[in-house]
Amino acid sequence: MNTLFDKIWDAHVVQKVEDGPTQLYIDRLYCHEVTSPQAFDELRARGIGCLRPGRIFCMPDHNIPTQNQDKPIEEPVSRKQVDTLVRNAREFGLELFGMMHPKNGIIHVVGPEQGLTLPGATIVCGDSHTSTHGAMGAVAFGIGTSEVGMVMASQCILQQKPRTMRISVEGTLGRGVTAKDVALYIMTQMSTSGATGYFVEYAGSAIRSMSMESRLTLCNLSIEMGARGGMVAPDDITFDYLKGREYAPKGEAWDKAVAYWRTLRSDTDAQFDEEYTFRAEDIEPRITYGTNPGMGMGVSERIPAAESIDEAGRASFRKSLDYMGFSEGEKLTGHAIDYVFVGSCTNGRIEDFRAFAQIVKGRQKAPGVTAWIVPGSWSVQRQIAAEGIDKILEAAGFEIRQPGCSACLAMNEDKVPEGKYCVSTSNRNFEGRQGPGARTILASPYTAAAAAITGCITDPREFL
Amino acid sequence: MKKEKFNIITDSCIPLPLENIDTDQIIPARFLKATTREGFGENLFRDWRFDKEGRRIESFVMNNPSYKGCILVAGKNFGCGSSREHAAWAIADYGFRVVVSSFFADIHKNNELNNFVLPVVVSEDFLLALFKSIDANPSTQVTVDLPAQTITNNATGASERFEINGYKKHCLMNGLDDIDFLLSNKHKIEEYEKTAQ
């Protein structure tokens, strides 16, 4: 009567510390350039190496420019951080997919597409969107840099076991409704802290019929409702996606692995600490209007009134609308926008560019809109070219940039200017997230495409 | 990192009565490019403390000389969003030793603990009353007693017990960190690896 989460967690317990956390064994540690340098320093200060270097994979993604990656990074501080990762990976004997490496890309796009992320594994990274990898049926969660150091030193982490939550979405998603909309909908229902302390399993017919890319998008956003992680039980969709990928098991080892992975599901009588069920039919294309991802609504709805918000949250709500330049009760369709960003670990996979292309095909980018179209990895970039999506986008007036985290958090040059509106397929609309003073509206690739060609917030179903 | 041992702290507070303060506000991404742990305090709440020309925003509480102390008091769901430990480094580097809220995001809470900053979870009522006390008198003092696991609003005398597991409490009171613990039981890791094959 165990949940999927319990099965994987329990199989990785090294010991339970008395009156304390669990010591959990970690199968994979992913490292990027922003949250790892101080962890490597910690090892150096102690005069130790990584206990299991073969389990650690490094790639820069946050700082790298999305143009001219064949040249050195211009910004000296960004360049130093990327160079530091390269040096550290060499010194500690870790596999590195450096800038321009054919396997480079956003860590949460690369892990699954290379077959590094496998069902039943425990995976951590100094990045909150590590929850993405749970889509493959793994227990994956974001950690801080001190914890990165712990895992490097001991291949283990000390963690309090989270509680379990199952979120089921039953039914069939409507036209133009994507995994992104499902996640934004759930978040609004749950709030940005509704799943804090929990590990979420997504279930139900709408989830089971989702592609692997869609499940990755859904699990990616688990952290935005506070969850420690999110996961989907592995099934044939997972195995078909993984088969033949470079680091996935091969031959006999593959058959053996699949036989084990098929046991990774919650027992029918499994007890969850919390359960929620939503109807797929209730979900329409979503946008956010505020400064946290839980402040969202259907694209055709109105911003709520302050009176409908509980008293403790009202000051934050008003501050949020003030920042965004929106008013209570306002309808946002038709509101002009300045930027469109398609990419990030949330929506930077092939399916997302197919969706964007589906709407912009045969149409033209609106004149006043600046669009940044950024694949999640070089592998996605190659697939975009192989499918001819690049030609469709070019004909519509869009340029495809080189892979990286880009305008999701604007650590490179891709910054939205102060006061400008950006419809973004990324994961966070926090104040200043896309650049100081930038105003972010989170949406799916369909909704981003509709905004890119009309120049304003638009219901994408008009084009589908 | 300073591993300053923790015991009993009494000090005044800096109040931030906003909910869902995310780590992008605590330290914006453009300040994450350092490769060391030092100096992040300078940019703590950067875009709330300073305008784009780098001038202090006088209306922000941290720029008001009436408010000082090593205890930060914040609204529900403090530290949500990005896992960046730089947020905890900025809080510690600025000089805070305790953060009080009615609710913390998981990753940030661990990051504070790993940097010898104590996150104290209080009830919603205690928090609201504390904000009121500070509002009435900015010098309101709070006592955080880690050994007894209690927090007291010295203006009203109201006191509450807070939770922390015995292991972490021992670490904070003795200046020990998790790597010390993990390295001391390497044999258990090797045993696990043998059986897990």
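Numbered from 1 within each chain, the chains take letters A, B, ... in sequence-line order.
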For A:Leu409, is it the side chain, the backbone, both or neither that has a heavy atom under 4.5 Å from a heavy atom of chain B? both
For A:Gln155 and B:Leu182, what are the C-alpha separation, side-chain angles and deciding distance, and is it a side chain to side chain contact (heavy atoms under 4.5 Å, CB included)? CA-CA 9 Å; A:Gln155 208 52 46; B:Leu182 287 164; over 6 Å; no
Using side-chain heavy atoms (C-beta onward) and a distance below 4.5 Å, is B:Asp178 in contact with A:Ser146? no
Taking non-hydrogen atoms and a cut-off under 4.5 angstrom, which of residues 120-150 of chain B neighbour chain A? none
For B:Leu183, is it the side chain, the backbone, both or neither that has a heavy atom under 4.5 Å from a heavy atom of chain A? side chain
Proximal component of A:Val13, with respect to chain B [non-hydrogen, under 4.5 Å]: backbone
What residues of residues 97-112 of chain B make heavy-atom contacts with chain A at a cutoff under 4.5 angstrom? B:Phe103, B:Phe104, B:Ala105, B:Asp106, B:Ile107, B:Asn110, B:Asn111
Listed by residue number, which members of residues 49-87 of chain B have a heavy atom under 4.5 Å from any heavy atom of chain A? B:Lys52, B:Lys76, B:Asn77, B:Gly81, B:Ser82, B:Ser83, B:Arg84, B:Glu85, B:His86
Drop me the distance from B:Asp47's CG to A:Phe430's CZ, to the nearest 0.5 angstrom. 14.0 Å
Cut-off 4.5 Å, heavy atoms of chain B, and the answer for A:Asn427 is neither
Please check if atom NZ in A:Lys420 has more than 12 non-hydrogen atoms from other residues, nucleotides or ligands closer than 6.0 Å. no
Below 4.5 Å from any heavy atom of chain B, which atoms of A:Val34 appear? Answer side chain, backbone, both or neither. both
Which atom names give the shortest non-hydrogen contact between B:Tyr167 and A:Glu18, and what distance separates them? CB-O, 4.4 Å
Interface moiety of A:Glu75 toward chain B, non-hydrogen atoms closer than 4.5 Å: side chain
Which portion of A:Arg433 sits near chain B, non-hydrogen atoms under 4.5 angstrom: both
With only heavy atoms counted, which part of A:Arg314 is less than 4.5 Å from chain B, the side chain, the backbone, both or neither? neither
Would you name the heavy atoms of A:Gln15 and B:Phe181 that are closest together and state the gap between them? NE2-CZ, 3.8 Å
Among A:His12, A:Arg46, A:Gln160, residue most engaged with chain B (heavy-atom pairs, under 4.5 Å): A:Arg46
How long is the span from the NZ atom in B:Lys169 to the CG atom in A:Asp19, to the nearest 0.5 Å? 9.0 Å
Option in A:Gly197, A:Ala227, A:Ala315 with maximal non-hydrogen atom pairs under 4.5 Å from chain B: A:Gly197
Can you say whether A:Ala11 sits under 4.5 Å from chain B via the side chain, the backbone, both, or neither, judging by heavy atoms? backbone
Hey, what do you get for CG (B:Asp177) to CD (A:Glu42), rounding to the nearest 0.5 Å? 6.0 Å
Minimal heavy-atom distance between A:Gly149 and B:Ile179, with the atoms involved, is C-CD1, 3.8 Å
Out of A:Asn412, A:Ile48, A:Ile143, return the one with the most heavy atom pairs under 4.5 angstrom to chain B. A:Ile143
Below 4.5 Å from any heavy atom of chain B, which atoms of A:Ala410 appear? Answer side chain, backbone, both or neither. neither
Heavy atoms under 4.5 Å from chain A: which residues of residues 11-33 of chain B carry them? B:Leu18, B:Glu19, B:Asn20, B:Asp22, B:Asp24, B:Gln25, B:Ala29, B:Arg30, B:Leu32, B:Lys33
Heavy atoms of other groups near A:Lys16 NZ, more than 12 under 6.0 Å: yes
Comparing A:Glu224, A:Lys415, A:Glu147 against chain B, the one with the most heavy-atom pairs below 4.5 Å turns out to be A:Glu147
Checking A:Glu431 against chain B: side chain, backbone, both or neither under 4.5 Å from a heavy atom? both
Do you know which of A:Ile223, A:Thr84, A:Thr192 has the most heavy-atom pairs under 4.5 Å to chain B? A:Thr192
At a heavy-atom separation under 4.5 Å, does B:Lys186 approach chain A through its side chain, its backbone, both, or neither? side chain
Considering only heavy atoms, which portion of A:Ser78 lies under 4.5 Å from any heavy atom of chain B: side chain, backbone, both, or neither? both
Non-hydrogen atoms of chain B under 4.5 Å away: do they reach the side chain of A:His62, the backbone, both or neither? neither
To the closest 0.5 Å, what do you measure between CD (A:Gln38) and CH2 (B:Trp89)? 3.5 Å
